[in-house]
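Taking it in order: structure first as structure tokens, then the write-up.
Quantities reported herein were computed from a predicted structural model and do not represent experimental measurements. Counting from 1, the numbers follow the sequence of the chain as shown.
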Amino acid sequence: MKIMIVGAGKVGETLCQDLADANHDITLIDLDEAVINDMISEFDITGYVGNGALYDVQQDSNVAETDIFIAVTPKDETNLIAALTAKSLGAKKAIARVRDPNYTKQINFLRSKLGIDMIINPELQAARDIAGNLQFPQASNVEQFAHDRGYLLNLKLPANSQLIGQNMITVRNKFKSVIVLAIERQSGEVLIPFGQTEILEGDRTYVTGDIKELNSFYAYVGYSRKKIKNALIIGGGKITKYLIPRLQRGNISPKVIEVNEDIANELCQDFPNVTIINDDGTNQKVLDAEQLQDYDASIALTGIDEENLLISLYAAREKVPKVISKVNRINLLSLLYDEDKAEFSQHSVITPRLLVADKIIRFVRAYGNASGSNVDALYRLCNDKVEVLQFNVKATAHCINIPLANLTLKDNILIAYIIRDNRLIFPSGQDLIKENDRVLIVTTHKNFDDVDDILKEADV
């Protein structure tokens with residue numbers, strides 16, 4: 001497909017890499033010629049220097065021939081104007097990143113009345129992910145899907161876990177609605193587990209299931225189910241504005257430290273029942289004065305990755321039960337600490353640019369195969385070595401109405417669950433995939449965009 005991306009920042013770079021790797025025809029537009037040249041040299045894309053919201057620039061770069069137009073500049077207004085202009089000039093689909101909470105309230109209007117096909121807000125998505133992570137404090141990461149009926153947990157097993165030494169058959173017999181999707185060994189080896197695969201000491205496991213059985217599994221693994229009751233948030237930006245009401249709905253009491261007086265005052269006006277401290281939350285003396293060690297969760301959301309990691313490093317040393325950092329440059333993690341050490345086992349990292357990129361790539365894959373099985377959800381595990389995809393199955397799929405045990409699957413494929421009539425089904429070999437089902441697939445293969453990609457080619 002022909003895809004045009006306006007904005008060569010962190011999200012634009014991630015999209016160029018992922019979409020070029022999937023053999024799409026990518027054109028990148030940005031005002032910075034040096035950045036464009038760097039991206040062209042790194043990825044198989046073409047570039048255009050200019051303001052991607054302008055009519056002339058879009059015409060010169062042949063936006064009329066574009067299948068999907070994506071505007072991810074730092075400015076909401078530029079993204080909206082660029083997307084509207086692209087649609088008016090003939091782009092088939094248009095996506096805009098919009099971050100301002102005031103615009104977010106109008107998302108349905110912008111989509112339905114102005115014709116923008118997708119409006120994505122990274123800060124809102126980050127707030128949702130943070131709230132989800134607080135439900136299972138000892139998981140490194142928590143994803144929600146199937147309208148919050150299913151969860152995906154990243155768990156580093158305690159040394160004394162009852163799970164160690166058990167194989168997948170035993171685990172499945174104990175927990176009918178829990179599936180181990182992937183295992184990452186201490187050696188770095190990544191497995192899609194099957195019946196005889198054993199869980200070893202030091203493994204990191206990725207599991208999914210319904211909330212009730214996951215709670216039981218979580219306790220069986222060796223984790224406490226003590227709930228988070230309060231959280232100290234350092235940084236009062238957009239994510240914090242979205243996060244506060246979600247924490248309050250979950251009966252978690254938030255306190256915010258914000259260094260900018262104007263932002264702190266605005267938070268006070270927006271949330272009069274929340275304590276807002278106007279001070280420097282990166283200062284250890286300030287954190288000590290606010291008794292960081294007494295909180296159930298520390299959430300570092302400043303605009304500087306290094307500061308967030310240092311805050312979280314200190315929070316972990318102070319034995320705060322749950323530590324969350326916003327980090328865009330995830331390569332920084334290995335420079336500061338080993339996340340497999342016990343003191344960091346409850347540290348979660350939120351990366352807004354990857355949340356945005358995953359959602360856009362999901363849209364691209366679904367649109368690219370509109371007559372087949374659309375991609376409803378996309379998650380990447382084990383440093384992108386494993387993809388978890390949820391497909392919406394249509395009548396044309398070759399895998400429908402056949403017992404799963406009779407399907408000839410490619411290697412390293414796991415069918416984790418089926419959603420049918422709003423029910424989660426954790427299938428056995430005799431279950432069938434049917435039209436209109438949603439199916440969760442786990443694989444080490446890349447760039448699946450149709451449920452039939454799980455089949456060996458002779459069966460398609």
Side-chain angles (χ1 to χ4, degrees), residues 1-3 18-19 22-24 66-68 91-95 108 111-112 115-118 120 143-150 152 176-177 179 181 192 194 208-210 358-380 386-460:
M1 285 191 296
K2 291 184 179 294
I3 299 174
D18 288 349
L19 296 174
N23 296 317
H24 294 293
T66 298
D67 294 297
I68 300 178
K92 295 181 179 67
K93 298 289 181 181
I95 299 171
N108 290 334
R111 278 200 302 249
S112 62
I116 300 176
D117 299 281
M118 173 187 278
I120 185 166
E143 302 275 5
Q144 301 176 52
F145 50 83
H147 302 293
D148 297 346
R149 290 192 301 278
L152 194 161
K176 302 296 185 186
S177 298
I179 301 288
L181 303 179
I192 305 294
F194 296 96
T208 188
D210 66 36
D358 282 354
K359 193 164 184 177
I360 291 174
I361 290 164
R362 181 162 73 238
F363 180 94
V364 170
R365 292 194 193 181
Y367 178 69
N369 192 41
S371 63
S373 305
N374 293 344
V375 180
D376 281 341
L378 167 67
Y379 309 99
R380 305 189 219 203
V386 175
E387 286 192 348
V388 181
L389 302 111
Q390 182 175 292
F391 292 102
N392 179 15
V393 181
K394 297 191 176 180
T396 53
H398 291 82
C399 63
I400 64 173
N401 300 322
I402 300 171
L404 299 185
N406 295 341
L407 293 176
T408 307
L409 302 179
K410 294 175 182 174
D411 294 336
N412 295 318
I413 299 286
L414 175 66
I415 300 174
Y417 71 70
I418 298 167
I419 300 177
R420 182 178 301 144
D421 299 327
N422 293 320
R423 292 186 300 114
L424 274 177
I425 300 170
F426 294 87
S428 67
Q430 297 309 306
D431 283 297
L432 312 175
I433 297 172
K434 298 183 178 181
E435 180 184 356
N436 296 322
D437 282 352
R438 283 178 165 79
V439 180
L440 192 80
I441 304 297
V442 186
T443 179
T444 56
H445 299 275
K446 296 295 179 69
N447 301 319
F448 281 7
D449 59 14
D450 188 289
V451 72
D452 282 337
D453 287 335
I454 67 175
L455 303 175
K456 289 186 177 179
E457 291 185 9
D459 296 318
V460 177

For A416 and P427, the nearest pair of non-hydrogen atoms, with its separation, is O-CD, 3.4 Å

Atom pair CD1/CD1 of I425 and I433 - distance to nearest 0.5 Å: 10.5 Å

Could I get the full list of salt bridge (Lys or Arg N to Asp or Glu O under 4.0 Å) partners for K359, not counting sequence neighbours? none

Rounded to the nearest 0.5 Å, the CG atom of L152 sits from the CD1 atom of I179 at a distance of 11.5 Å

Identify, with sequence neighbours excluded, every residue that meets salt bridge (Lys or Arg N to Asp or Glu O under 4.0 Å) alongside K446. none

What residues form a side-chain contact (heavy atoms from CB on, under 4.5 Å) with D117, not counting sequence neighbours? K87, K93, A94, F363

For R438, all residues meeting salt bridge (Lys or Arg N to Asp or Glu O under 4.0 Å), sequence neighbours excluded: D376

Suppose we screen for side chain to side chain donor-acceptor pair (under 3.5 Å). Which residues come up paired with T443, at least two apart in sequence or across chains? none

Got a second to check how far K2's NZ is from T66's OG1, nearest 0.5 Å? 8.0 Å

Qualifying ring-ring contact (aromatic ring centres under 6.0 Å, His included) pairs with a residue from residues 421-441, counting only residues at least two apart or across chains: none

Classify the side-chain pair Q390/Y379 by whether it contains a donor and acceptor separated by less than 3.5 Å. no

Measuring from L404:CG to L409:CG, what's the distance to the nearest 0.5 Å? 8.0 Å

Work out which heavy atom in D452 is nearest to a heavy atom in A397; give both atom names and the distance. OD2-CA, 3.4 Å

Test I454 against every option in L389, I413, L414 by the side-chain contact (heavy atoms from CB on, under 4.5 Å) rule and name the one that passes. I413

Who passes ring pair (Phe, Tyr, Trp, His ring centres under 6.0 Å) against F448, sequence neighbours left out? H445

Under the side-chain contact (heavy atoms from CB on, under 4.5 Å) rule, collect the residues that match up with N406, sequence neighbours excluded. I402, P403

Under the rule for side-chain contact (heavy atoms from CB on, under 4.5 Å), what residues qualify as partners of N436, not counting sequence neighbours? none

Nearest 0.5 angstrom please: I441 CD1 to I415 CD1, how far? 4.5 Å

dist R380:CZ -> I361:CD1 (nearest 0.5 Å) comes out at 4.0 Å

By the salt bridge (Lys or Arg N to Asp or Glu O under 4.0 Å) test, which pairs, at least two apart or in different chains, include something from residues 428-437? R420-D437

What is the minimum heavy-atom distance between C399 and V451, and which atoms define it? SG-CG1, 3.7 Å

